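These figures come from a predicted structure and were not determined experimentally. Sequence lines set the chain letters: A, B, ... in the order given, protein chains first and strands last, and positions in each chain run from 1.
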2 protein chains.
Amino acid sequence: MEADHVIRALAALAQEHRLAAFRLLVEAGPDGLPAGAIAERVGVPPSSMSFHLAQLANAGLVTQRRASRSIIYAADYAAMTGLMGYLTENCCGGVPCDNAAACGPATNRKNA
Amino acid sequence: MEADHVIRALAALAQEHRLAAFRLLVEAGPDGLPAGAIAERVGVPPSSMSFHLAQLANAGLVTQRRASRSIIYAADYAAMTGLMGYLTENCCGGVPCDNAAACGPATNRKNA
DNA sequence: TCGGTATTTCCATAATTATCGAATTGTGGA
DNA sequence: TCCACAATTCGATAATTATGGAAATACCGA
């Protein structure tokens, strides 16, 4: 995952309503949720939610598909896994799981 | 870690120069680096870097201490670990290390 | 106390992001 | 075809964030 892409993903999650929407979608699983339901549960007007969902989609964190009149959004777990991988590798010193996701200096990487 | 705090941390990392600075500090380890060296290596003027370092500090991702004339910044690994923990728990469906940090629907959490 | 170095704060400006009502597009049923 | 519904796009505005030079602050050695 490129640094540029990572920044888009981080920026996408760094907003109250978008983080709430993404958490909702992660919980919802692969079936996802229609845009209107997300807007209602997050508590923002549809046009605002549409703006935020577009940002999440642009960052690659969610997918969208049409089902009849609704557009269903779903979390892209692979993208989130990729983001976590980048952060672990580049911002945690490369310590992955040995210590319950504890981050440490980069020295560990070379020894491990 | 509160959602509000998480958003500040994500926003702090969601910027080219700040992400570069933070990666540098993670690599540098607990000894950290002086502000001037960070600015030079990231390639931004000192006043701009100071602005960005303040944001990282405000988000709790870095610590600062004075050493003679320099101010040394260092990555706060505990904060990063906390951020990773929140993302794993709330944005990855609670799948931690079983699958090399693979994210999945929230269903897994309840079964595990 | 004075000069020099490291860093931050101040300031103005440019650029980006968030908000949300109104208008528009796409879809399906009668 | 016509109507109603779901969602997006448009447009105008407000708010936040980024940038970098100049001035101010903190520290140290002589």
Side-chain angles (χ1 to χ4, degrees), chain A residues 3-25 28 31-76, chain B residues 3-25 28 31-76:
Chain A
D4 187 54
H5 189 188
V6 166
I7 287 171
R8 276 219 307 284
L10 290 169
L13 292 176
Q15 208 280 342
E16 181 188 355
H17 301 320
R18 286 197 296 266
L19 184 60
F22 187 72
R23 289 182 56 181
L24 221 48
L25 291 176
D31 289 350
L33 289 171
I38 301 173
E40 189 180 5
R41 292 186 57 180
V42 170
V44 298
S47 69
S48 295
M49 195 72 254
S50 187
F51 168 79
H52 289 306
L53 288 171
Q55 306 236 0
L56 286 168
N58 177 259
L61 289 169
V62 303
T63 61
Q64 52 190 143
R65 66 191 146 88
R66 178 175 281 277
S68 176
R69 264 174 279 194
S70 296
I71 294 186
I72 309 292
Y73 285 86
D76 186 327
Chain B
D4 187 54
H5 189 188
V6 167
I7 286 170
R8 277 219 307 285
L10 289 169
L13 293 176
Q15 209 279 342
E16 182 188 353
H17 301 320
R18 286 197 295 266
L19 183 60
F22 187 72
R23 289 182 56 181
L24 222 49
L25 290 177
D31 288 351
L33 289 171
I38 301 172
E40 189 179 5
R41 293 186 57 182
V42 170
V44 298
S47 68
S48 295
M49 195 72 254
S50 187
F51 167 79
H52 290 306
L53 288 171
Q55 306 236 1
L56 286 169
N58 177 259
L61 289 169
V62 302
T63 60
Q64 50 187 352
R65 65 194 146 86
R66 180 175 279 277
S68 175
R69 263 173 280 194
S70 297
I71 293 185
I72 309 291
Y73 285 87
D76 187 327

Worksheet item: A:Ile72 versus A:Leu33: any side-chain heavy-atom pair under 4.5 Å?
Response: no

Worksheet item: Rounding to a whole Å, what distance do you find between A:Leu53:CG and C:dA18:P?
Response: 13 Å

Worksheet item: DNA chain D: B:His17 or A:Ala54, which has the more 5' nearest nucleotide?
Response: A:Ala54

Worksheet item: Within the structure shown, what part of the strands sits under 4.0 Å from A:Ser48 by heavy-atom distance: base, sugar-phosphate, or nothing?
Response: base

Worksheet entry | Phosphate OP1/OP2 of C:dA15 contacted by B:Gln15 side-chain N/O (<4.0 Å) | no

Please tabulate, one pair per line, all N/O donor-acceptor pairs under 3.5 Å involving side-chain atoms of residues 49-60 of chain A, not counting sequence neighbours.
unit_1: A:His52; atom_1: ND1; unit_2: A:Arg18; atom_2: NH1; d: 3.0
unit_1: A:Asn58; atom_1: OD1; unit_2: A:Arg8; atom_2: NE; d: 3.2

Worksheet item: To the nearest Å, how far apart are A:Arg65 CZ and D:dA7 C1'?
Response: 15 Å

Worksheet item: If you check every side-chain atom of A:Ala35, which of D:dA6, D:dC28, D:dT8 has the closest atom?
Response: D:dT8

Worksheet item: CD1 of A:Ile38 versus C1' of D:dT8: gap in Å, rounded?
Response: 14 Å

Worksheet item: Please give, in whole Å, the distance from D:dT16 C1' to B:Ile7 CD1?
Response: 15 Å

Worksheet entry | Nearest-Å distance for atom pair CD/C1', residues B:Gln55 and C:dT16 | 14 Å

Fill in: Check: A:Arg65 side chain, A:Ala67 main-chain N or O, donor-acceptor pair, under 3.5 Å
no

Worksheet item: So what does B:Ser50 hit on the nucleic acid, given a heavy-atom distance under 4.0 Å: a base, only sugar-phosphate, or nothing?
Response: base

Practice prompt. For the residue pair A:Leu24 and A:Arg41, establish whether any side-chain heavy-atom pair is separated by less than 4.5 Å.
Written response: yes

Worksheet item: Heavy atoms, side chains only, cut-off 4.5 Å: are A:Asp76 and A:Thr63 in contact?
Response: yes

Response to the item:
Looking only at C:dT7, C:dT5, D:dG20, the nucleotide nearest the B:Pro45 side chain is D:dG20

Worksheet item: Looking at B:His52, does any N or O in its side chain come under 4.0 Å of the phosphate oxygens OP1/OP2 on D:dT17?
Response: no

Worksheet entry | Any A:Arg66 side-chain N or O less than 4.0 Å from OP1/OP2 of D:dA6 | no

Worksheet item: Can you find a side chain N or O atom of B:Tyr73 that sits less than 4.0 Å from OP1 or OP2 on C:dA6?
Response: no

Worksheet, complete the sentence: Considering only heavy side-chain atoms of A:Arg69, the closest of C:dT27, D:dC27, D:dA7 is C:dT27

Worksheet entry | Closest non-hydrogen atom pair, A:Ala11 against B:Ala14 | N-CB, 3.4 Å

Worksheet item: Expressed in angstrom and rounded to an integer, what is the separation of A:Phe51 atom CZ from C:dT17 atom P?
Response: 8 Å

Item to complete: Write down the distance between CD (B:Glu40) and P (C:dT5), rounded to a whole number of angstrom.
Response: 15 Å

Fill in: Any B:Arg18 side-chain N or O less than 4.0 Å from OP1/OP2 of D:dA18
yes

Worksheet item: Can you check whether B:Gln64 has a side-chain N or O nearer than 4.0 Å to OP1 or OP2 of C:dT7?
Response: no

Worksheet, complete the sentence: Quick note, B:Pro46 side chain, CB onward, closest among C:dA18, D:dC28, C:dT8 is C:dT8

Worksheet item: Phosphate oxygens OP1/OP2 of C:dC10: is one of them under 4.0 Å from a side-chain N or O of B:Ser47?
Response: no

Worksheet entry | Atom pair distance, as rounded to whole Å: CZ in A:Arg8 and C1' in C:dT16 | 15 Å

